Amino acid sequence: MAGPKKVCVVGSGNWGSAIAKIVGGNAAKYDTFETTVNMWVFEEMVEGRKLTEVINTEHQNVKYLPGHKLPPNVLAVPDLAESVKGADILIFVVPHQFIGRVCDTIKDHVKKDAVGMSLIKGVDVGPDGLQLISEVIRGRLGIDMTVLMGANIANEVADEKFCETTIGCTNKAHGPMLKELMQTTNFRVTVVEESAVVELCGALKNIVAVGAGFCDGLGFGDNTKAAVIRLGLMEMIAFARLSCTNCPVSSATFLESCGIADLITTCYGGRNRKIGEAFVKTGRTIEQLEDELLNGQKLQGPATAAEVHQVLKQKDMLNKFPLFTAVHQICFNGHPVAEFISCLQNHPEHM
């Protein structure tokens with residue numbers, strides 16, 4: 001990959017647009033990158049105008065990141081295959097349910113030596129068991145993959161409030177380039193090699209956050225939520241060790257932004273917590289609440305809980321993961337949400 005690298009952001013929701021703001025700024029600043037950054041935008045009409053047209057004239061994603069200017073070198077492209085042509089770095093930021101379709105659309109248009117980066121917090125379960133989203137992308141496109149995960153609530157990142165993030169990158173040659181593309185004064189990047197662990201943290205913490213929302217809805221306090229966070233973290237570590245049989249899993253990675261920091265911020269501020277609380281208070285289904293409260297965004301926690309449940313059931317290990325299991329049973333099998341606390345009281349950590 002000689003010469004300046006061309007960057008494409010595949011996705012333009014809340015988080016995709018916040019990342020495009022950072023990437024666009026850095027691409028304009030550093031000679032390492034081509035100035036124009038393509039951003040694939042799923043075309044929709046907003047007040048009678050095409051969203052891509054609004055972004056390209058007003059430099060703002062008025063639907064998903066209103067009130068924030070995108071750099072003028074970020075170009076909204078409605079055609080997915082067209083957006084990725086010639087890209088050396090592909091940043092994937094779409095809901096994890098859509099990644100298969102996205103890959104199928106672009107597979108004949110992607111450079112073979114491109115580097116992919118997944119910012120997608122979720123997992124996929126196929127016939128061979130659990131698959132990380134980066135593995136799904138690598139399998140379908142044949143490109144080298146990295147991930148970025150952290151305590152990164154999109155609106156706060158777009159507001160340029162200080163935060164940290166973690167890049168998981170097994171190929172040491174790509175780390176410095178990706179750090180340069182992503183890091184700003186207020187968005188501090190650490191690169192680690194345990195890419196699979198970084199990615200699993202990003203998916204699993206959403207299950208714990210739904211549980212934290214249940215606690216809020218049931219009227220329990222900060223002590224209880226701290227217990228949910230700690231026990232949830234223990235289950236995250238145990239599940240990572242169960243899943244990553246071919247790669248190292250060190251406790252140190254859970255102390256990075258992708259681990260404990262992301263878990264804390266999601267349990268206090270994210271959409272999964274919000275839906276967990278509303279689930280208790282309204283009695284509506286997860287699907288109804290997603291439609292009513294998320295302005296077109298997708299919820300990852302319950303879907304991930306279902307996928308993790310499948311894996312644990314196959315391995316006959318549901319009893320070792322009572323918090324993950326309880327979130328699944330409450331969301332999908334009609335178990336009373338009031339019983340959530342008993343999964344904490346009887347947690348094997350306490351036995």
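Hydrogens, waters and symmetry mates are skipped; everything else that's a heavy atom, side chains included, is used. Keep in mind that what you see is a predicted model, and the values were worked out from it rather than measured.
A donor-acceptor contact shorter than 3.5 Å is absent between the side chain of Asp124 and the backbone of Gln131. In terms of modelled atom types and a separation under 3.5 Å, the side chain of Ser17 and the main chain of Ser12 share a donor-acceptor contact. Within the 3.5 Å criterion, the main-chain N or O of Met45 finds no donor-acceptor partner in the side chain of Arg49. Of the possible polar contacts, none joining the Thr265 side chain to the Ala261 backbone as a donor-acceptor pair under 3.5 Å is found. Side chain of Gln300 to backbone of Ala203: no donor-acceptor contact under 3.5 angstrom is found. Checked by atom type and distance alone, the side chain of Gln60 never pairs as donor or acceptor with a backbone atom of Val54 at under 3.5 Å. Although no hydrogens or angles enter the test, the distance criterion places a donor-acceptor pair under 3.5 Å between the side chain of Lys225 and the main chain of Cys267. Remark: side-chain polar atoms of His109 are not paired, donor with acceptor, to backbone N or O of Glu82 under 3.5 angstrom. Using a distance-only test at 3.5 Å, with no hydrogens or angles considered, no donor-acceptor pair links the side chain of Asp144 to the main chain of Asn171.
Atom CG of Asp316 sits in a sparse spot, with 12 or fewer heavy atoms from other residues, nucleotides or ligands closer than 6.0 Å. Other residues, nucleotides and ligands contribute over 12 non-hydrogen atoms within 6.0 Å of the CG atom of Asn319. Within 6.0 Å of the NZ atom in Lys320, the count of heavy atoms belonging to other residues, nucleotides or ligands does not exceed 12. Around the NZ atom of Lys69, the shell of radius 6.0 Å holds more than 12 heavy atoms that belong to other residues, nucleotides or ligands.
The closest side-chain heavy-atom distance from Glu43 to Leu51 is below 4.5 Å. For the pair Leu318/His309, a side-chain contact is recorded, criterion being any heavy-atom separation below 4.5 Å from C-beta on. Contact check for Leu294 versus Ile275: side-chain heavy atoms found under the 4.5 Å cut-off. Within the 4.5 Å cutoff, no side-chain heavy atoms of Asp262 are placed close to those of Cys201. Annotation: side chain of His328 is not in contact with side chain of His335 (no heavy-atom distance under 4.5 Å). A heavy-atom distance below 4.5 Å is found between the side chains of Leu323 and Leu344. Counting heavy atoms from C-beta on, the side chains of Arg140 and Asp104 come closer than 4.5 Å. Leu204 is not listed as a side-chain neighbour of Glu235, based on a closest heavy-atom distance of 4.5 Å or more.
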Using the side-chain contact (heavy atoms from CB on, under 4.5 Å) rule, take Ile91 and Leu148 through it: C-alpha gap first, then chi angles, then the decisive distance, then the call. CA-CA 9 Å; Ile91 299 167; Leu148 180 145; over 6 Å; no

Audit row: Cys258, Thr253, side-chain contact (heavy atoms from CB on, under 4.5 Å) steps and yes/no: CA-CA 8 Å; Cys258 61; Thr253 304; 4.2 Å; yes

Dump the intermediate steps for side-chain contact (heavy atoms from CB on, under 4.5 Å) on Thr325 and Cys343, then the final yes or no. CA-CA 9 Å; Thr325 301; Cys343 90; over 6 Å; no

Working note: Glu290 + Arg271, criterion salt bridge (Lys or Arg N to Asp or Glu O under 4.0 Å); need CA distance, chi angles, decisive distance, verdict. CA-CA 9 Å; Glu290 188 178 64; Arg271 67 185 90 148; over 6 Å; no

Check against side-chain contact (heavy atoms from CB on, under 4.5 Å), Phe220 and Val228: CA-CA 11 Å; Phe220 290 92; Val228 169; over 6 Å; no

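For the salt bridge (Lys or Arg N to Asp or Glu O under 4.0 Å) criterion with Asp88, the lone passing option out of Lys112, Lys5, Lys111 is Lys111.
Among all heavy-atom pairs drawn from Ala240 and Phe254, the shortest one is CB-CZ, 3.8 Å. For the residue pair Ala76 and Val41, the shortest heavy atom distance occurs at CB-CG2, 3.7 Å. Taking both residues in full, the closest heavy atoms of Ser118 and Glu199 are given as OG-OE2, 4.5 Å, listed atom of the first, atom of the second, then distance. Here the closest non-hydrogen pair linking Glu307 and Val123 is OE1-O, 2.8 Å. Closest non-hydrogen pair, Cys8 versus Ser83, comes out as SG-O, 3.3 Å. In terms of heavy atoms, Gly301 sits closest to Asn272 at N-OD1, 2.7 Å.
Side-chain contact annotation: Glu256 with Thr166, donor-acceptor N/O pair under 3.5 Å absent. Using a 3.5 Å distance cut-off with no hydrogens or angles, the side chains of Asn152 and Thr165 do pair a donor with an acceptor.
Hydrophobic clustering of Ile, Leu, Val, Met, Phe, Trp and Tyr side chains at less than 4.5 Å, counting indirect connections, unites Val210 with Ile260. Under a hydrophobic-cluster definition in which Ile, Leu, Val, Met, Phe, Trp and Tyr are linked whenever side-chain heavy atoms come within less than 4.5 Å, directly or via other members, Val37 and Tyr30 are assigned to the same cluster. The hydrophobic clustering, which links ILVMFWY residues whose side-chain heavy atoms are closer than 4.5 Å, places Met317 and Val249 together. Residue Phe187 is grouped with residue Met39 when hydrophobic side chains (ILVMFWY) are merged at heavy-atom distances under 4.5 angstrom, including chains of intermediate members. Residues Ile19 and Ile153 are members of separate hydrophobic clusters, defined by side-chain heavy-atom contacts under 4.5 angstrom among Ile, Leu, Val, Met, Phe, Trp and Tyr.
Rounding to the nearest 0.5 Å gives a distance of 8.0 Å between CG of Leu293 and CZ of Arg284. The CG atom of Asn14 sits 4.5 Å away from atom CG of Asn155, with the distance rounded to the nearest 0.5 Å. With rounding to the nearest 0.5 Å, the separation of CD in Glu180 from CG in Asp31 is 9.0 Å. A distance of 5.5 Å separates CG in Leu263 from CD1 in Ile229, rounded to the nearest 0.5 Å. Distance CG/Asn346 to CD/Glu339: 11.0 Å, rounded to 0.5 Å. The CZ atom of Arg188 lies 8.5 Å from the CG atom of Asn186; values are rounded to the nearest 0.5 Å.
A salt bridge is absent between Arg138 and Glu135: the closest approach of a Lys/Arg side-chain nitrogen to an acidic carboxylate oxygen does not fall below 4.0 angstrom.
Clustering of Ile, Leu, Val, Met, Phe, Trp and Tyr side chains at separations under 4.5 Å places Val136 together with Val10, Trp40, Phe42, Leu80, Val84, Leu90, Phe92, Val94, Ile99, Val102, Ile106, Val110, Ile120, Ile133, Ile137, Leu141, Ile143, Met145.
The aromatic rings of Phe279 and Phe214 are tilted relative to each other, their planes meeting at an angle between 30° and 60°.
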